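What you see is a predicted model; the values in this text were computed from it and never measured. Worth knowing before you read on, the calculation uses all heavy atoms, side chains too, and leaves out hydrogens, waters and symmetry mates.
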Amino acid sequence: MEECISVFDMLKIGIGPSSSHTLGPWRAAERFLTELRSENIIQKTIRIQVDLYGSLSLTGKGHATDLAVMLGLCGQDPELIPVENISEIIRKIQGTNTLLLGNSHSISFNPVVDIIFNKNFLPFHANGLLFTAFLENGEKYDATFYSIGGGFVVKEERSNAKKKLALKCAFPFPIENAEMLLAYTISEQKKISEIVYANELSMRSEQQVHYEIMRIWHTMLECMYIGCHSEGTLPGGLNVRRRAFDMHQNLIGLANYDSPQSWLEEIRKTEVKFRQILKWVSCFALAVNEVNAALGRVVTAPTNGSAGVIPAVLMYYLVIENHKADEEQIIQFLMVASEIGSIFKKGATISAAMGGCQAEIGVSSAMAAAALCEVMGGTPEQVLMAAEIAMEHHLGLTCDPIGGLVQIPCIERNTMGAIKAINAAELALETNPNNAKVPLDKVIDTMWQTAKDMNTKYKETSEGGLAVAVNMSDC
C-alpha cells in the first residue's frame with residue numbers, strides 16, 4: 001500500500017540551517033519527550049545524554065544539530081519559537097549546565113559532556129540519534145531515531161508506518177509514482193494540482209488547506225523579504241558576506257514599500273530584461289538560504305538546504321510572468337511541487353546524507369520546474385517532463401559543505417537550481433511529450449542508483465570535494 005505524504009509533510013516550516021541535521025533532530029528530541037511523558041518518567045529524569053552518529057556527528061556542529069536537540073528537549077516548537085530567543089535559551093543551558101526538560105522539569109545537562117559526536121554510522125541510516133534518560137532510581141530509558149531528510153524522523157521499527165498507511169486509505173487518489181499520478185489525471189480529466197488537492201481534502205477542510213498553504217507561502221515571502229533586507233556576515237567562521245542585500249538594493253532602486261506584499265508589488269514595476277530576471281531569481285534564492293544559514297525561519301522545500309529554489313521560482317512567476325496571479329495560482333504551484341517531491345521521497349531519497357546534493361537541490365529544482373510548468377499552462381505530461389529535465393541535469397551532484405556549514409556551496413546552488421527549474425519548465429512547454437525519451441520514474445530510479453553508487457565522502461560528511469579542497473583557513 002502506498003505511503004501517505006501530505007503537502008504539509010513535504011513543505012514544513014522550521015528553523016535553519018538544515019532539515020535533516022537541525023529540524024529532524026529537533027523533532028526527534030520532541031518525540032523523545034513524548035515517550036518520556038507516555039512512560040510517566042519525565043519527572044523522574046535527572047540527566048539526558050544524546051549520541052549523534054554518522055553524518056549528524058561529522059557535520060553536526062556546522063548544522064547546529066547540538067543546538068537543535070537542546071531546543072527540542074526544552075519543548076520549544078521550531079514553527080513557533082521566536083528566532084530572537086534561540087541564542088538566550090542556548091546561553092542559559094551552556095552557562096548553568098541545566099536544561100528545562102519539556103519546559104517544566106529542570107535537569108542536569110552539560111552540552112560538552114552530554115552531547116556525544118560518534119563518527120561511526122548506524123546501519124539503518126546515515127543520520128542516527130540515540131537519546132538516553134537517566135532516572136533517579138538508577139534505571140535508564142533510551143530510544144534511537146533517524147533523521148531521513150526533509151525534517152522526517154523515523155525509528156528503525158517504523159512504528160508509525162501502519163498509522164500512515166491507514167491514513168492513506170482516505171486518499172481518493174493514492175500515488176506511488178509518476179505513472180500512477182499521470183493515469184489519474186487522464187482518467188479524471190484533472191490537472192495534477194487538482195488530484196493533489198482532492199487528496200488533501202480527504203484529511204482537512206477546504207478552509208484548513210487554504211489557510212495552511214497560504215501560511216507556508218507567507219513564510220516563504222517573509223523569508224525572502226528578510227533576506228533581501230539583512231546585511232552583514234553569516235555566522236559559522238567562514239566569514240561569508242550576505243549578498244542578497246546588495247543585489248536587492250541595486251535591483252529595487254528607490255521604491256517605496258512597507259511590507260512583504262507591497263514589496264512584491266514594487267518588484268512588478270521594475271525593469272524586465274534577461275539579466276535583471278537572472279539577478280532577481282538569484283537574489284530571491286540567495287535571500288532564503290542566507291536566512292537559513294543564520295538559523296532563521298524557512299520552509300523545507302523539500303529540505304532546508306534547498307529551501308530557496310521553490311520560493312524563488314514562485315516569486316519569479318508572480319513578479320515577472322503573471323502580475324495578475326493570486327492565491328489560486330500560489331496554491332496550485334505548491335500543490336504540484338509537493339507531489340513531485342513526495343514521489344522522489346518514495347522512489348529515492350530527499351536526504352543529502354543518503355544521496356548527495358542531487359537529493360536536495362536536484363529534487364527541489366524538479367519540484368519547482370513541474371509547478372511552474374503547470375501554472376504556465378503545461379499539460380500533466382509536460383509537467384512531469386519538466387521535473388524529469390530538471391533532475392536529469394542534477395544527477396550525481398555531491399554534497400560537500402565546507403566546514404559542515406550550509407553556506408558554501410549550498411547557498412549559490414539554490415540560485416542554480418532555480419534557474420535550471422525555469423529553463424526545464426520552458427523546455428517542457430515547447431516539447432511534445434510524445435517525443436520524450438526519459439520518463440520521470442526512470443530518472444528517479446537512476447537518481448537512487450546513483451545515490452547508492454556515490455562514495456560516502458560526498459554525502460554530507462565534509463570528508464570530500466570542496467569540503468577538503470578548501471580549508472576554513474582559506475576563507
Would you name the heavy atoms of [X] and [Y] that are closest together and state the gap between them?
X      : Y      : answer
Gly149 : Ser20  : CA-CB, 3.9 Å
Ala29  : Val69  : CB-O, 3.7 Å
Ile361 : Ser364 : O-OG, 2.9 Å
Pro401 : Ala467 : O-CB, 3.4 Å
Asn199 : Pro172 : OD1-CD, 3.2 Å
Pro78  : Leu23  : CG-CD1, 3.7 Å

Verify, without hydrogens or angle tests, whether [X] (side chain) and [Y] (backbone) share a donor-acceptor contact under 3.5 angstrom.
X      : Y      : value
Thr34  : Glu30  : yes
Arg297 : Glu79  : yes
Gln189 : Ile186 : yes
Asn289 : Asn292 : no
Glu360 : Cys357 : no
Asn85  : Ile81  : no
Ser365 : Gly417 : yes
Thr431 : Pro433 : no
Thr59  : Gly62  : no
Thr22  : Ser19  : no

Are more than 12 heavy atoms, taken from residues, nucleotides or ligands other than [X], located less than 6.0 Å from that residue's [atom1] atom?
X      : atom1 : answer
Met416 : CE    : no
Glu321 : CD    : yes
Phe145 : CZ    : yes
Asn256 : CG    : no
Glu179 : CD    : no
Glu84  : CD    : yes

| task | Mind running side-chain contact (heavy atoms from CB on, under 4.5 Å) on Trp26 and Thr65 for me, showing each step along the way? | result | CA-CA 8 Å; Trp26 193 323; Thr65 305; over 6 Å; no
| request: Start with the C-alpha gap between Lys279 and Glu271, add the side-chain angles, then the distance that decides, and say whether salt bridge (charged side-chain N to carboxylate O under 4.0 Å, His left out) holds. | output: CA-CA 11 Å; Lys279 290 176 183 178; Glu271 187 177 32; over 6 Å; no
If you measure from the Lys or Arg side-chain nitrogens to the Asp or Glu carboxylate oxygens, is any gap between [X] and [Y] under 4.0 Å?
X      : Y      : value
Asp400 : Lys459 : no
Glu194 : Lys191 : no
Glu374 : Lys190 : no

| field | Candidate pair Glu327 and His210, rule side chain to side chain donor-acceptor pair (under 3.5 Å), full reasoning | value | CA-CA 9 Å; Glu327 293 183 357; His210 185 276; 2.8 Å; yes
Between [X] and [Y], is any pair of side-chain heavy atoms under 4.5 Å apart?
X      : Y      : result
Ile444 : Ile343 : yes
Thr233 : Val240 : no
Cys228 : Cys283 : yes
Leu318 : Arg268 : yes
Ser18  : Thr303 : no
Leu99  : Lys92  : no
Pro17  : Leu295 : yes

| Met447 and Phe344: CA distance, side-chain angles, deciding distance, side-chain contact (heavy atoms from CB on, under 4.5 Å) verdict | CA-CA 9 Å; Met447 176 212 156; Phe344 272 96; 3.7 Å; yes
Donor + acceptor pair across side chains of [X], [Y] (<3.5 Å):
X      : Y      : value
Arg243 : Ser282 : no
Tyr317 : Gln329 : no
Gln276 : Thr270 : no
Ser55  : His21  : yes

| Residues in ring-ring contact (aromatic ring centres under 6.0 Å, His included) contact with Tyr184, at least two apart in sequence or another chain |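 Checked Tyr184 against ring-ring contact (aromatic ring centres under 6.0 Å, His included); matches are Phe173.
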| query | When you look at Asp9 and Lys345, which way does the salt bridge (charged side-chain N to carboxylate O under 4.0 Å, His left out) test go after all the steps? | reply | CA-CA 11 Å; Asp9 291 325; Lys345 183 181 182 298; over 6 Å; no
| Who passes side chain to side chain contact (heavy atoms under 4.5 Å, CB included) against Ser262, sequence neighbours left out? |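 Partners of Ser262 under the side chain to side chain contact (heavy atoms under 4.5 Å, CB included) test: Tyr257, Asp258, Ser259.
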| said: Do Lys12 and Phe152 form a cation-pi contact, if we require the NZ or CZ to be under 6.0 Å from the six-membered ring centre and within 45 degrees of the ring's axis? | reply: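 That pair qualifies as a cation-pi contact.
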| message | For Glu290 and Ser230: C-alpha separation, side-chain torsions, deciding distance, then whether side chain to side chain donor-acceptor pair (under 3.5 Å) applies. | response | CA-CA 9 Å; Glu290 286 173 356; Ser230 301; over 6 Å; no
Please table the atom pairs, donor to acceptor, closer than 3.5 Å between any side-chain atom in residues 384-395 and protein atoms at least two apart or in another chain.
{"residue": "His394", "atom": "ND1", "partner": "Ala390", "partner atom": "O", "Å": "2.8"}

Distance (rounded to the nearest 0.5 Å) between [X] [atom1] and [Y] [atom2]:
X      : Y      : atom1 : atom2 : value
Lys61  : Asp66  : NZ    : CG    : 4.5 Å
Ile310 : Asn414 : CD1   : CG    : 10.0 Å
Ile267 : Ile252 : CD1   : CD1   : 5.0 Å

| task | Verify side chain to side chain donor-acceptor pair (under 3.5 Å) between Thr219 and Glu222, making sure each step is shown before the conclusion. | result | CA-CA 5 Å; Thr219 302; Glu222 183 178 31; 5.7 Å; no
| task | Apply side-chain contact (heavy atoms from CB on, under 4.5 Å) to Ile213 and Met335, showing your working. | result | CA-CA 9 Å; Ile213 205 135; Met335 287 282 170; 4.0 Å; yes
| message | side-chain contact (heavy atoms from CB on, under 4.5 Å), that's the test. Do Leu129 and Tyr146 meet it? Break it down for me. | response | CA-CA 6 Å; Leu129 309 87; Tyr146 298 89; over 6 Å; no
| message | Please identify which of these residues, Tyr225, Trp263, Trp280, meets the side chain to side chain donor-acceptor pair (under 3.5 Å) condition with His248. | response |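 Result for side chain to side chain donor-acceptor pair (under 3.5 Å) with His248: Trp263.
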